[in-house]
Amino acid sequence: MFEDLQSKTVLVTGAYSGLGRHFATVLARAGARLALCGRRTALGEEVAADLRQAGAQACVIGMDVTCPDSVRDAFDGAARALGPVDVVINCAGIAITAPALEIDEAAWSGLIDVNLNGAWRVAQAGARHFRAHARPGVIVNIASILGQRVAAQVAPYAAAKAGLLHLTRALALEWARHDIRVNALAPGYIATDLNRAFFASPAGEALIKRVPQRRLGQLHDLDGPLLLLASDASAFMTGSVIDVDGGHLVSSL
């Protein structure tokens with residue numbers, strides 16, 4: 001059902017590390033042509049080399065999601081290198097973990113500008129690109145369960161992800177008439193190299209016990225939902241949010 005990605009050009013933001021890098025690998029395995037976007041292009045070349053070695057088509061394009069011109073130029077560059085973009089994986093993001101009383105104006109504004117404003121810039125540029133090339137399009141916003149229920153010391157991140165979920169619904173409503181689908185993938189707590197030490201601590205182990213499945217998610221747990229939303233298998237889905245969290249959102253307060 002996901003073989004349709006073999007004819008798709010997919011632009012991935014935040015593609016050089018973390019979830020974005022994993023998503024790029026999954027999409028490449030499904031046959032997609034990959035435009036890998038981010039600021040650290042030297043790291044991006046390493047990612048692209050790995051994908052090419054595995055037989056994928058991949059190019060590296062510099063993109064700063066805080067700069068509208070950079071976002072627009074990235075879509076143009078992707079089209080020149082691989083053909084018009086069909087699918088956007090909106091994954092670029094940063095995190096701050098600190099008490100709300102200690103977060104200064106610059107830190108708050110910087111996170112919102114990347115995680116929410118940046119996602120808006122990419123989505124708008126993507127929609128304009130789809131229309132300019134007279135083709136349907138798909139946008140997958142990478143959100144978080146923290147956009148639906150909060151945790152301590154992540155106020156700006158949670159606020160940005162909550163905004164992203166509502167933005168997903170608003171854009172889906174407006175752009176359905178243009179055959180542009182906008183959906184969101186909302187991961188729960190996923191095991192990565194960055195959080196491994198925390199989840200091995202007493203506080204981390206206590207958090208895992210609050211997840212009904214009593215485990216962290218693994219990166220591969222996101223593969224099926226990602227491929228569903230990126231492919232034509234979800235042709236009648238727009239404005240949807242898929243939670244992948246081991247039941248965390250439905251656990252009791």
Which atom pairs, one a donor and one an acceptor, fall under 3.5 Å between side chains of residues 196-210 and the rest of the protein, sequence neighbours left out?
from: Arg196; atom 1: NH2; to: Asp193; atom 2: OD1; distance (Å): 2.9
from: Ser201; atom 1: OG; to: Phe198; atom 2: O; distance (Å): 2.4
from: Ser201; atom 1: OG; to: Gly204; atom 2: N; distance (Å): 3.2

All N/O donor-acceptor pairs, side-chain side in residues 45-63, below 3.5 Å, sequence neighbours left out:
from: Asp50; atom 1: OD2; to: Arg21; atom 2: NH2; distance (Å): 3.1
from: Arg52; atom 1: NE; to: Ala58; atom 2: O; distance (Å): 3.0
from: Arg52; atom 1: NH2; to: Ala58; atom 2: O; distance (Å): 2.8

Please table the atom pairs, donor to acceptor, closer than 3.5 Å between any side-chain atom in residues 91-112 and protein atoms at least two apart or in another chain.
from: Asp104; atom 1: OD1; to: Ala106; atom 2: N; distance (Å): 3.3
from: Asp104; atom 1: OD1; to: Ala107; atom 2: N; distance (Å): 2.7
from: Ser109; atom 1: OG; to: Glu105; atom 2: O; distance (Å): 3.0

Pair up each side-chain donor or acceptor in residues 67-81 with any protein partner under 3.5 Å, not counting sequence neighbours, and list the distances.
from: Asp69; atom 1: OD1; to: Arg72; atom 2: NH1; distance (Å): 3.0
from: Ser70; atom 1: OG; to: Asp64; atom 2: N; distance (Å): 2.8

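Linking Ile, Leu, Val, Met, Phe, Trp and Tyr whenever their side-chain heavy atoms come within less than 4.5 Å leaves Leu5 and Ile180 in two separate clusters. The same ILVMFWY cluster, assembled from side-chain heavy atoms under 4.5 Å apart, contains both Ile139 and Trp120. Hydrophobic clustering (ILVMFWY, side-chain heavy atoms < 4.5 Å, transitive): Ile142 and Leu171 are in distinct clusters. Transitive grouping of hydrophobic side chains (ILVMFWY, heavy atoms separated by less than 4.5 Å) keeps Leu11 and Val87 in distinct clusters. Residues Trp175 and Phe130 share a single hydrophobic cluster, defined by chaining ILVMFWY side chains whose heavy atoms lie under 4.5 Å apart.
The heavy-atom pair separating Pro225 from Val244 by the smallest distance is CG-CG2, 3.7 Å. For the pair Leu82 and Leu34, the tightest heavy-atom approach, listed with the atom from each and the gap, is CD1-O, 3.3 Å. Annotation for Ala186 and Ile145: closest pair O-CG2, 3.8 Å, computed over non-hydrogen atoms. The two residues Gly44 and Leu36 make their nearest non-hydrogen contact at O-CD1, 4.3 Å. When all heavy atoms of Gly246 and Val211 are compared, the pair lying nearest together is O-CG1, 3.7 Å. Closest approach of Val10 and Ala32 over heavy atoms only: CG2-CB, 3.6 Å.
Here Arg29 pairs with nothing under the salt bridge (Lys or Arg N to Asp or Glu O under 4.0 Å) rule; sequence neighbours left out. Take Asp223 and apply the salt bridge (Lys or Arg N to Asp or Glu O under 4.0 Å) test, not counting sequence neighbours, and it matches no residue. Partners of Thr238 by side chain to side chain donor-acceptor pair (under 3.5 Å), not counting sequence neighbours: none found. Contacts of Arg169 classified as side chain to side chain donor-acceptor pair (under 3.5 Å), with partners at least two apart in sequence or in another chain: His166. A search for side chain to side chain donor-acceptor pair (under 3.5 Å) contacts involving Arg135 returns Asp86, not counting sequence neighbours. Taking Arg40 as the reference, Ser17 meet the side chain to side chain donor-acceptor pair (under 3.5 Å) condition, with sequence neighbours excluded.
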Salt bridge (Lys or Arg N to Asp or Glu O under 4.0 Å) between Asp245 and Arg149, intermediate numbers included: CA-CA 12 Å; Asp245 65 351; Arg149 291 179 67 175; over 6 Å; no
From CA spacing to verdict: ring-ring contact (aromatic ring centres under 6.0 Å, His included), Tyr189, His248: CA-CA 9 Å; Tyr189 289 101; His248 203 165; 5.6 Å; yes
Verdict with supporting geometry, Asn183 and Ile242, side-chain contact (heavy atoms from CB on, under 4.5 Å): CA-CA 8 Å; Asn183 294 296; Ile242 297 183; over 6 Å; no
Test side-chain contact (heavy atoms from CB on, under 4.5 Å) applied to Asp243 and Val250, step by step: CA-CA 11 Å; Asp243 304 312; Val250 297; over 6 Å; no
Pair Leu226-Val26, side-chain contact (heavy atoms from CB on, under 4.5 Å): steps then yes or no: CA-CA 9 Å; Leu226 174 75; Val26 172; 4.2 Å; yes
Full working for side-chain contact (heavy atoms from CB on, under 4.5 Å) between Leu229 and Val138: CA-CA 8 Å; Leu229 294 180; Val138 173; 5.9 Å; no
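Counting heavy atoms from C-beta outward, Val140 and Val88 have side chains that stay 4.5 Å or more apart.
Under the 3.5 Å distance criterion, the side-chain polar atoms of Ser234 are matched with a main-chain donor or acceptor of Leu228. Listed for the Tyr157 side chain is no donor-acceptor partner under 3.5 Å among the backbone atoms of Gly147. Not a single donor-acceptor pair under 3.5 Å links the side chain of Lys8 to the backbone N or O of Ala230. Remark: side-chain polar atoms of Asn117 are not paired, donor with acceptor, to backbone N or O of Thr66 under 3.5 angstrom.
With values rounded to the nearest 0.5 angstrom, Leu227 atom CG is found 6.0 Å from Leu27 atom CG. Rounding to the nearest 0.5 angstrom, the gap separating the NZ atom in Lys161 from the OG1 atom in Thr168 is 9.5 Å. For the atom pair Met237 CE and Asp232 CG, the distance stands at 13.0 Å (nearest 0.5 Å). Leu164 CG to Asn141 CG: the interatomic distance, rounded to the nearest 0.5 Å, is 4.5 Å.
Residue pairs meeting the ring pair (Phe, Tyr, Trp, His ring centres under 6.0 Å) criterion with at least one member in residues 18-57: none, sequence neighbours excluded. Applying the salt bridge (Lys or Arg N to Asp or Glu O under 4.0 Å) test to residues at least two apart or on different chains, the pairs with a partner in residues 111-127 are Asp113-Arg121.
The 12-atom threshold is not exceeded at CZ of Arg177, counting heavy atoms of other residues, nucleotides or ligands nearer than 6.0 Å. Heavy atoms from other residues, nucleotides or ligands lying under 6.0 Å from CZ of Arg215 number more than 12.
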